[in-house]
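Only one structure is covered here, and it is reproduced in the block below.
The structure presented is a predicted model; accordingly, all values stated were derived computationally and were not measured.
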Amino acid sequence: MDQLSTSAFLPGAFWAPGDGIPAHLLLLWNAIRAPLIAPLLQVAMAVCSALSVMQFVERIYMGVVIVAVKLLRWTPEKRYKWEAIKDDSELGNSVYPMVLVQIPMFNEKEVYQWSIRATSGLSWPSDRFIIQVLDDSTVPTIQEMVKLECKKWENKGINIKYEVRDNRTGYKAGALKEGLKRSYAKECEYVVIFDADFQPQPDFLQRSIPYLVHNPELALIQARWIFVNSDECMMTRLQEMSLDYHFTVEQEVGSSTYAFFGFNGTAGVWRIAAIDEAGGWKDRTTVEDMDLAVRASLKGWKFLYLGDLQVKNELPSTFKAFRFQQHRWSCGPANLFRKVVMEIARNKKVTLWKKVYVIYSFFFVRKIIAHINTFLFFCVVLPATVWVPEVEIPKWGAVYIPTATTIINAIGTPKSFHLTIFWIMFENVMSLHRAKATLIGLLEGSRANEWVVTEKLGDILKGKSASKANKKPRVRIGDRIHFTELGIGAYLFFCGCYSFLFGKTNFFIFLFVQSLSFFIVGFGYVGTIVPSS
């Protein structure tokens, strides 16, 4: 069968006869498409398909581990000793170890009371734990509010310390490091960390500390996050789906197999001796929590994840806050990988299999490939193939494996399973930012160490809803319009139009839906819009 000419594949709107620029561009495209563009695109397709297989195998591996853990009932109580700490009439409260509770915060006007109130209600002898509020706020009025809140609980008999610094060196890592230098902190054996919006239950210490007391090889106990505002808007529902999979599967798998996972930065209990042995807090990346976890693991310490120990907190509900958070969460791990990969490879204290797990599974597949390949495959390479019919698209790589991977991910949040399509589209949009951030981290670009505290709204919307009910929120056009998303959306839309007019499959449906997703985000119709004051 004769091969169709290029003009048969290009709409008339893109082609005009004559000697003008469009005709010359068409001739150039004719000359390079088959011999140059098609082979390059075919290679890109093969690479993306191979990376998708790696992601799929990783998902299957984690799924098998989770099923095995459930079937064998491989609970934390079976793996580690746990006995409740009981009162002793002779020793008194001294049977309870000293615990430091650190609450780092920065201009947390809307939520600073949450963690202070919750930690003040912890069921632990009042003389055996100290609450340390590390306030890096730069707004004097907010500093005064936090200070007064601490004073209020101090007057109620709570041992609470309000600490400020004259600089923000090291950001959160710097604040935590400075906090551990206080004389009273040196009397403590364990440190618990809660961000300002986290609200632990009263029995948090009673359920977590005994694991550290009875198992000297354990360095970290990580609790699960649950979200007080997951139903606030579609964006928070979709975030919940991703984070539920992270906690239900990724953290559990790491804990159950190699006793290693990334510390989530909050809602965790550390053995202070392990922090010291690992070299303390470092601010060389924006993921100081993961950095500490990797270094402690390389010293031979083990970690335990407790899925049934849950701590309430708030999801970012504005797109601006979520985008900054995702930049830090994607850039930081990639930057850390660049700095520690050889250190991990040369380490003598951990097994070869644990090294492979940390380097390949934890970092390479989950933190790098997952972000870059999602954007490259579904938003660049696959759409481009509609213009180059010579490229063969393997259905197993473009349809079957991504579909199976998506279903595995979505199972983590059964109540939101019906939102899977929306989750796919939104994740593909966010892959733009995650892929960019990952590359910045790997190449140590100018934004590699950018730290923007995730804005939390608390009850701000409830307070403003009455006065702003009949008013449209005023938002600056520069804050709402996102031109990069609009550009990608336009690219996908034109690919969809071409596929609809000249393609032989229904691929245009995906392209139109995905382009619509980029347009919705690009025009700012995602997340909560905060009314102006």
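- By the 30° and 60° cut-offs, the orientation of the rings of Phe263 relative to Trp281 is tilted.
- For the pair Arg207 and Glu83, the salt-bridge criterion is not met [side-chain N within less than 4.0 Å of a carboxylate O].
- Within a 6.0 Å sphere centred on NZ of Lys302, other residues, nucleotides and ligands contribute 12 heavy atoms or fewer.
- Side-chain contact, Ser330 with Lys436: no donor N or O sits under 3.5 Å from an acceptor N or O.
- Classified by interplanar angle (parallel below 30°, tilted 30° to 60°, perpendicular above 60°), the ring pair Trp270/Phe303 is perpendicular.
- Here the closest heavy-atom approach between residue Lys161 and residue Asn159 is recorded as CE-OD1, 3.5 Å.
- Between Tyr171 and Trp451, the ring-plane angle classifies as parallel under the 30° and 60° cut-offs.
- Aromatic pair Phe56/Tyr400: ring centres not closer than 6.0 Å.
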- Please walk me through it: do Arg224 and Asp244 pass salt bridge (charged side-chain N to carboxylate O under 4.0 Å, His left out)? CA-CA 9 Å; Arg224 176 174 175 168; Asp244 276 354; 3.1 Å; yes
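- The aromatic rings of Phe337 and Phe363 are tilted relative to each other, their planes meeting at an angle between 30° and 60°.
- Other residues, nucleotides and ligands contribute at most 12 non-hydrogen atoms within 6.0 Å of the NZ atom of Lys177.
- Arg366 and Glu58 are joined by a salt bridge, as a carboxylate oxygen and a charged side-chain nitrogen come within less than 4.0 angstrom of each other.
- By the 4.0 Å N-to-carboxylate-O rule, Lys181 lies close enough to Glu178 to be salt-bridged with it.
- More than 12 non-hydrogen atoms from other residues, nucleotides or ligands lie less than 6.0 angstrom from NZ of Lys339.
- For the side chain to side chain donor-acceptor pair (under 3.5 Å) test, no residue two or more places apart in sequence or in another chain qualifies with Asp308.
- Comment: Asp283 does not engage Arg168 in a salt bridge, judged by the lack of any side-chain N to carboxylate O separation of less than 4.0 angstrom.
- Screening Asp291, Asp136, Asp195 against Lys172 for a salt bridge (charged side-chain N to carboxylate O under 4.0 Å, His left out) leaves a single residue, Asp195.
- Using bins of under 30°, 30° to 60° and over 60° for the plane-to-plane angle, the ring pair Trp225/Phe247 lands in the tilted bin.
- Ion pairing of Glu450 with Arg328 is absent here, as no side-chain N (NZ or NE/NH1/NH2) approaches a carboxylate O to less than 4.0 Å.
- Aromatic ring centres of Phe260 and Phe362 lie closer together than 6.0 Å.
- Other residues, nucleotides and ligands contribute only 12 or fewer heavy atoms inside 6.0 Å of the CZ atom of Phe422.
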- Item | Test log, rule ring-ring contact (aromatic ring centres under 6.0 Å, His included), inputs Tyr357 and Phe261 | CA-CA 10 Å; Tyr357 173 78; Phe261 49 81; over 10 Å; no
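- Evaluation of the side chain to side chain donor-acceptor pair (under 3.5 Å) rule for Asp197 yields Lys456 as partners, not counting sequence neighbours.
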